[in-house]
Amino acid sequence: RLRKWQERIRTKDAGERNLQFALSEIDRMASALGVPRSVREVASVIYRRALKEDLIRGRSIEGVATSALYAACRKEGIPRSLEEISEVSRVERKEIGRTYRYISQELGLEMKPVDPKKYVPRFCSELELSEEVQSKANEIIETTAEEGLLSGKSPTGYAAAAIYAASLLCNEKKTQREVADVAQVTEVTIRNRYQEQIEAMGIHG
Amino acid sequence: MTDPKETINIENVVASTGIGQELDLQSVAMDLEGADYDPEQFPGLVYRTQDPKSAALIFRSGKIVCTGAKSTDDVHESLRIVFDKLRELSIKVEDDPEIVVQNIVTSADLGRQLNLNAIAIGLGLENIEYEPEQFPGLVYRLDEPEVVALLFGSGKLVITGGKKPKDAEHAVDKITSRLEELGLLE
DNA sequence: ATATTACTTTACAAAGC
DNA sequence: GCTTTAAAAAGTAATAT
């Protein structure tokens, strides 16, 4: 009986240590990404829920912690791409993506697809583009998405193309490479989305 | 307007069967030309048929998986070839082994562009999976028939998980009517 | 700048790690 | 869970020309 009691303590301690590790990892990654404290709290809540629902069995603590942070960023309206998240995690992109889909489904997070406009302020800021460019990029995204151009396309590539187009239209040109680097997509993706958006907007590029 | 059902095309059929006899895959690999066998990598021996085109995975237990065929008839034809090849190696094969279709992959076209964002909300975020950062298709799981559909912005779709060709037709019907009642088939 | 090749997702069986 | 096999959808990416 004493043995059983000790075992429980040991298990409880291990569980506490694992939780502490997960939360400190969330904190570390959140800091590296520069997201506000509110996002870390949302991520912590998601992680605790995943723990309570026993979703971590068969998966790494780090993977679930990273996915919780990815989900939290989206929920808070300041998304980071899987590419960006994976740069501060020791879990690879593919694993983060599939773990995120799993906990999102199991916890019923009902995550809406990421709106490309959510990337505009941050990307434009990194490129030192004006408010005018941001507004123009948002307008391009809004208009072309309504025409159904967004279906199936990655939000970062879509935002990058709109920002590139807007920078040209506002005479604050950034090269495709510069925008591609910030958004972490290829120039080919920007070119492809840019052509479609320009055509849909009736602009002559 | 063309009935989307008319656009259904079977792309792949997966089936399993068995010859009711254990096999020495090492010797089969030696005698069967074109056979790929690397037990370190995978326990099954791979044998490809040209006409109909398919790949058979042959196991030590005598069980066989056939995949890549474009119809259930092709599955039977491919396996008939595999059975005969094994008989040529003087391996006893049951007269008419039972062949069970495990999965049928189908493609189809709804004929109009789809707004996946609107469909995701319309069908209910809890019923679908749509992560365009990871994959361009919207994943929609149906209960009846029990299949999984991948919907694309082009209006084309993939249906998989079905055991009979009719499953794809029923799935296309359900998806079409569901999108229509939601007013999402623009 | 474009073309090719390859990888992402779904389902499924098999035997073994 | 993974390994292997096949095939489609469309987007993205890496590499070649």
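Naming: A, B, ... by sequence-line order, numbering from 1 per chain.
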Query raised in the report: Is there a donor-acceptor pair under 3.5 Å between the side chain of Ser86(A) and the backbone N or O of Glu92(A)?
Result: no
Report task. Report which part of the nucleic acid Gly58(A) touches: base, sugar-phosphate, or nothing (heavy-atom distance under 4.0 Å, all strands). Result -> nothing
Report task. Kindly point out which of dC2(D), dA9(D), dT3(D) is positioned nearest to the side chain of Phe152(B)? Result -> dA9(D)
Query raised in the report: Within the structure, does a side-chain N or O atom of Arg60(B) lie under 4.0 Å from either OP1 or OP2 of dA14(C)?
Result: no
Query raised in the report: Among dA9(D), dC12(C), dA8(D), which nucleotide sits nearest the side chain of Gln102(B)?
Result: dC12(C)
Query raised in the report: Side chain of Lys70(B), backbone of Glu11(B): donor and acceptor closer than 3.5 Å?
Result: yes
Requested in this report: Remember a base hit wins even if backbone is also touched, and classify Val158(B) as base, sugar-phosphate or nothing at under 4.0 Å, heavy atoms.
Outcome: base
Report summary line: When rounded to whole Å, the CD to C1' distance for the pair Glu146(B) and dT10(C) reads 14 Å
Query raised in the report: Would a distance-only check, ignoring hydrogens and angles, find a side-chain to backbone donor-acceptor pair under 3.5 Å from Lys174(A) to Leu127(A)?
Result: yes
Query raised in the report: Do you see a donor-acceptor pair shorter than 3.5 Å between the side chains of Gln184(A) and Glu87(A)?
Result: yes
Query - Sugar-phosphate only, base, or nothing, as touched by Ser154(B) at under 4.0 Å among non-hydrogen atoms - result: sugar-phosphate
Query raised in the report: At under 4.0 Å, does any side-chain N or O of Thr189(A) touch on OP1 or OP2 of dA13(D)?
Result: yes
**Report entry** Pair Glu144(B) + Lys174(B): basic N to acidic O under 4.0 Å
**Finding:** no
Requested in this report: Please tell me which of the listed nucleotides, dA8(D), dT9(C), dC12(C), lies nearest to the side chain of Val105(B)?
Outcome: dA8(D)
Query raised in the report: Can you tell me how far C1' of dA14(C) sits from OH of Tyr47(B), to the nearest Å?
Result: 19 Å
Report task. Go ahead and name the base partner of dT4(C); Watson-Crick or wobble counts if both distances stay under 3.5 Å, otherwise write none. Result -> dA14(D)
Query raised in the report: When all nucleic acid strands are considered with a 4.0 Å heavy-atom cut-off, which category describes Val101(B): base, sugar-phosphate, or nothing?
Result: nothing
Report task. Using heavy atoms to find the nearest nucleotide of DNA chain C for Leu57(B) and Gln134(B) separately, return the residue whose nucleotide is more 5′. Result -> Gln134(B)
Query raised in the report: What residues in residues 14-26 of chain B put a non-hydrogen atom under 4.0 Å from any atom of DNA chain D?
Result: Val14(B)
Report summary line: Re dA6(D): Watson-Crick or G-U wobble partner, both distances kept under 3.5 Å, found to be none
Query raised in the report: What distance, rounded to whole Å, do you find between the two P atoms, one in dT2(C) and one in dA8(D)?
Result: 27 Å
Query raised in the report: Do any side-chain nitrogens or oxygens of Arg141(B) fall under 4.0 Å of OP1 or OP2 in dA11(C)?
Result: yes
Query raised in the report: In terms of the nearest nucleotide of DNA chain D, which residue is placed more toward the 5' end: Gln41(B) or Ser151(A)?
Result: Gln41(B)
Report task. Answer with base, sugar-phosphate or nothing: what part of the nucleic acid does Arg191(A) contact at a heavy-atom distance below 4.0 Å? Result -> base
Requested in this report: Any chance you could measure Leu107(A), atom CG, to Lys52(A), atom NZ, to the nearest 0.5 Å?
Outcome: 11.0 Å
Query raised in the report: From dT3(D), dA7(D), dT5(D), pick the nucleotide closest to the side chain of Pro43(B)?
Result: dT3(D)
Query raised in the report: dT10(C), dA13(D), dA15(C): which one has an atom nearest the side-chain heavy atoms of Thr186(A)?
Result: dA13(D)
Report summary line: Ranking dT9(C), dT12(D), dA7(D) by distance to the side chain of Arg193(A), first place goes to dT12(D)
**Report entry** Below 4.0 Å: OP1/OP2 of dT8(C) and any side-chain N or O of Arg93(A)
**Finding:** no
Query raised in the report: Out of dT10(C), dA9(D), dA6(D), which has the shortest distance to the side chain of Asn12(B)?
Result: dA6(D)
**Report entry** Rounded distance in Å between the P positions of dA6(D) and dT4(C)
**Finding:** 22 Å
Report summary line: Winner on side-chain proximity to Lys70(B), out of dA15(C), dT5(D), dA7(D), is dA7(D)
Query raised in the report: Just to confirm, is there a sub-4.0 Å distance from OP1 or OP2 of dT8(C) to any side-chain nitrogen or oxygen of Lys94(A)?
Result: yes
Query raised in the report: Between Arg80(A) and Tyr70(A), is NZ or CZ placed under 6.0 angstrom from the six-membered ring centre and within 45° of the ring axis?
Result: no
Query raised in the report: If you pin Phe42(B) and Asn192(A) to their nearest nucleotides in DNA chain D, which one's is more 5'?
Result: Phe42(B)
Query raised in the report: Can Val82(B) be reached from Val13(B) by stepping across I, L, V, M, F, W or Y side chains whose heavy atoms are under 4.5 Å apart?
Result: yes
Requested in this report: To the nearest Å, give me how far apart CD (Gln105(A)) and P (dT9(C)) are.
Outcome: 15 Å
**Report entry** Rounded distance (Å) that lies between atom C1' of dT12(D) and atom CG of Leu82(A)
**Finding:** 13 Å
Query - Test item: Pro155(A) and Asp115(A) side chains (from C-beta on) under 4.5 Å apart, heavy atoms - result: no
Query raised in the report: With sugar-phosphate meaning primed atoms plus P, OP1 and OP2, does Arg57(A) contact a base, only sugar-phosphate, or nothing at under 4.0 Å between heavy atoms?
Result: nothing
Query raised in the report: Has the side chain of Ser107(B) got a donor or acceptor that lies under 3.5 Å from a partner of the other kind on the base of dA8(D)?
Result: no
Query raised in the report: What nucleotide, of dA9(D), dA1(C), dA11(C), holds the atom closest to the side chain of Gln176(A)?
Result: dA1(C)
Requested in this report: With heavy atoms under 4.0 Å as the rule, sort Ser61(B) into base, sugar-phosphate or nothing.
Outcome: sugar-phosphate
Requested in this report: Remember a base hit wins even if backbone is also touched, and classify Arg101(A) as base, sugar-phosphate or nothing at under 4.0 Å, heavy atoms.
Outcome: sugar-phosphate
Report task. Would you mind telling me which of dA7(D), dT9(C), dA14(C) lies closest to the side-chain atoms of Lys53(B)? Result -> dA7(D)
Query - Validation row: Lys94(A), Gln134(B) side chains within 4.5 angstrom (heavy atoms) - result: no
